[in-house]
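Beneath this line is the structure, given in structure tokens, with notes to follow.
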Protein chains: 2
Amino acid sequence: MTTVEPRLEPGDVLVDPAPRVSDPEAGRRSRKKQRTRDDLIAAGDYLFATQGFDATTTTDIAERADVSQRTLFRHFPTKESLLYGDLDDTRLQLRESLASRPADEPILVSVRESMLSLAEDFERHRDRRLLQARLAASSPAVSAYSRAVVQFSWEREIIAAVAARLGVDPLKDPRPEVVAGAAMSAVRIAMRQWTVSGGTLDFMTLNAAALESIASLSDLG
Amino acid sequence: MTTVEPRLEPGDVLVDPAPRVSDPEAGRRSRKKQRTRDDLIAAGDYLFATQGFDATTTTDIAERADVSQRTLFRHFPTKESLLYGDLDDTRLQLRESLASRPADEPILVSVRESMLSLAEDFERHRDRRLLQARLAASSPAVSAYSRAVVQFSWEREIIAAVAARLGVDPLKDPRPEVVAGAAMSAVRIAMRQWTVSGGTLDFMTLNAAALESIASLSDLG
DNA sequence: GTACATTATGTCAGTCGCTGACATTCGTCA
DNA sequence: TGACGAATGTCAGCGACTGACATAATGTAC
């Protein structure tokens, strides 16, 4: 599994200057835990960006975050999950966006609008999403994880929402999954176009254009 | 990554009684090579079916095929690829099927008919496809491989064919990928329904029904 | 504030997928 | 037959990940 690793230009932003808010409600213990978690993500982002995903060792990352490798794996189940540490946030945001659409709205419109809320997420975490996309383009392991874990988790949210709206069982009626599959393909195209543009193009616009094509599918007869 | 491993009933067929044809044209050397390859696949199928994917070691498989572990990895790049050893056959068959559709046929019909040719493959290798599907349902590693490698390779064939038919660049026009995504979702549903039925339902029928829903997507507005 | 329970972390040894390097065997072909 | 090359075996090693146990920091009850 040989891999071409990315070489970032010196000007590129490497890490999200994350807010590091650390809910002041919680005690010192959970704050410290959150702190090491943040440190690990930052260390991973930096090393992945500078050396590439495959060339970076989990031991490297742990050392840079000044913790043991064992601690890294207590916070993240896999090396890939370290790169997509905010997966759950994005997924839940998508879920809420889907749930908040009016019930009388056409389903394709609901899906489209919700996917656009995902675009907002991309612009809010621009650097990180670009890094993830670039690493996915250069490392098969990351690419596979993105498809099989990240995107799949989004797809499930769409399937559940569409099935609920239609009032059908998604294991029997194929439409929820087919809609979700089409929508995910649209998002992938938008992501790819956005990535090759280096994040300069407007993700929202790209995503909207791709999603438009779903409704016109039947023209292909 | 804890995994529930499948327990097959004694009556279940474990291995494809593969033809083991070994092109008589070739010499003894390539015949022996093909033979060890077949042995490895058979050993893998048997152990995966009886012990589950994760619980089976590549060393186990190699020993059962009476070769060294190193030889296993000379024939197959990963443990997963051993389970999907015939991936290329299926992919190329899909490609040919897509290429053989008349140029004046509506695109959705071409895609649908080609996916049905994929259904023939499923019935031809019924036991193996069932085993793969069951293992994918029980092991995240297999499931991820199926999505990110196997199904993705099919998806690329559809994208290329549809883009060629439309005469567009699939990196710019989203329609080829969206069609492919919808078609792959349909196939996934059919596979799942077929699997839970234990392979008793007619895959062709399931697949056709799921593919039908693509054209009616715009009804969801 | 002292004592006890919890929890995050470190350390260490080990498994398993996978690879490079080198030696050996065996089919092929002149 | 003898030389060449392809397939395999052997061995050592890397890297992701895990279980077990010890330790230290934190939270809590009194």
Side-chain angles (χ1 to χ4, degrees), chain A residues 1-3 5 22-41 43-44 47-48 51-84 135 139-142 144-145 149, chain B residues 1-3 5 22-40 43-44 47-48 51-84 135 139-142 144-145 148-149:
Chain A
M1 208 66 84
T2 54
T3 300
E5 295 291 354
S22 306
D23 186 5
E25 303 294 311
R28 194 194 316 265
R29 180 176 280 167
S30 66
R31 255 181 290 126
K32 282 202 171 184
K33 187 176 181 182
Q34 183 63 38
R35 169 69 192 249
T36 65
R37 185 189 155 90
D38 292 344
D39 287 348
L40 281 166
I41 291 181
L47 292 174
F48 290 154
Q51 311 179 341
F53 184 81
D54 296 347
T56 300
T57 291
T58 55
T59 308
D60 293 343
I61 301 169
E63 276 175 5
R64 180 163 233 271
D66 200 32
V67 295
S68 71
Q69 189 214 28
R70 193 65 180 87
T71 292
L72 186 159
F73 281 110
R74 283 200 183 94
H75 283 264
F76 301 93
T78 63
K79 187 180 169 187
E80 287 81 8
S81 69
L82 179 62
L83 179 60
Y84 289 92
L135 291 170
S139 163
V142 178
Y145 186 87
V149 179
Chain B
M1 209 65 82
T2 54
T3 301
E5 295 291 355
S22 304
D23 187 4
E25 304 293 311
R28 195 194 316 265
R29 178 178 281 167
S30 64
R31 255 181 290 127
K32 283 204 169 185
K33 187 176 181 182
Q34 182 64 38
R35 169 68 192 249
T36 65
R37 186 190 155 88
D38 292 343
D39 287 349
L40 282 166
L47 291 175
F48 291 154
Q51 312 180 340
F53 185 81
D54 296 346
T56 300
T57 292
T58 55
T59 309
D60 292 343
I61 301 168
E63 277 175 4
R64 179 163 234 271
D66 200 33
V67 295
S68 71
Q69 189 213 29
R70 193 67 180 84
T71 292
L72 187 160
F73 282 109
R74 277 198 259 261
H75 283 264
F76 302 94
T78 63
K79 187 181 171 186
E80 288 80 10
S81 70
L82 178 63
L83 179 60
Y84 289 91
L135 291 170
S139 163
V142 178
Y145 186 87
V149 178

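Each chain gets a letter, A, B and so on, in the order its sequence line appears, and its residues count up from 1. The analysis underlying the following values was restricted to heavy atoms, covering all of them including side chains, and did not include hydrogens, waters or symmetry mates.
Contact annotation: B/Lys32 side-chain N/O to D/dA7 OP1/OP2 distance is not under 4.0 Å. Remark: A/His75 is in phosphate contact with C/dT9, judged by side-chain N or O atoms under 4.0 Å from OP1 or OP2. Applying the 4.0 Å criterion to OP1 and OP2 of C/dA8, one finds that A/Thr71 has every side-chain N and O outside that range. Residue A/Thr58 places none of its side-chain N or O atoms closer than 4.0 Å to OP1 or OP2 of D/dG15. A/Thr36 has a side-chain polar atom (N or O) that falls below the 4.0 Å cut-off from OP1 or OP2 of C/dT9.
Although no hydrogens or angles enter the test, the distance criterion places a donor-acceptor pair under 3.5 Å between the side chain of A/Thr78 and the main chain of A/Ser81. For B/Ser68 (side chain) and B/Thr71 (main-chain N/O), a donor-acceptor pair under 3.5 Å exists by modelled atom type.
If you measure from atom CD of A/Gln34 to atom P of C/dT7, you get 17 Å, rounded to the nearest angstrom. To the nearest angstrom, P of D/dA6 lies 23 Å from CZ of B/Arg35. Distance CZ (A/Arg70) to C1' (D/dA22): 14 Å, rounded to an integer number of Å. The distance from atom NZ of B/Lys33 to atom P of D/dA6 is 10 Å, rounded to the nearest whole Å. Distance A/Leu72 CG to D/dG15 P: 15 Å, rounded to the nearest Å. Distance CZ (B/Arg29) to P (D/dA6): 7 Å, rounded to an integer number of Å. In this entry the distance linking CG of A/Leu40 with C1' of C/dT9 reads 12 Å, nearest Å. Summarising the geometry, the separation between CG on A/Asp54 and P on C/dT19 is reported as 12 Å, rounded to the nearest angstrom.
Residue A/Ser68 is in base contact, counting any heavy-atom pair closer than 4.0 Å across all strands shown.
The side-chain heavy atoms of B/Val67 and B/Leu40, taken from C-beta on, include a pair separated by under 4.5 Å.
Comparing D/dC21, C/dA8, D/dC17 by their closest approach to the side chain of A/Glu80 singles out D/dC17. You'll find that the side chain of B/Phe73 is closest to C/dC18, out of C/dC18, D/dA16, C/dT6. Closest to the side chain of A/Arg28, out of D/dG27, C/dG27, D/dA20, is D/dG27. Listed candidates were C/dG17, C/dA8, C/dA21. Nearest to the side chain of B/Thr57 is C/dG17. Of the listed nucleotides (D/dT10, D/dC17, C/dT7), D/dC17 has the atom at the smallest distance from the side chain of A/Gln69. Distances were taken from every side-chain heavy atom of A/Arg74 (C-beta onward) to each of C/dT9, C/dT28, C/dT6; the shortest belongs to C/dT9.
Under 3.5 Å, the side chain of B/Arg31 and the base of C/dG27 form no donor-acceptor pair of N or O atoms.
Nearest heavy-atom pair, A/Pro140 versus A/Asp54, reported as atom, atom and distance to 0.1 Å: CD-OD2, 4.4 Å. Here the closest heavy-atom approach between residue A/Thr56 and residue A/Lys79 is recorded as O-NZ, 2.7 Å.
If you run ring pair (Phe, Tyr, Trp, His ring centres under 6.0 Å) between B/Tyr84 and each of B/Phe53, B/Phe76, B/Tyr145, only B/Tyr145 comes through.
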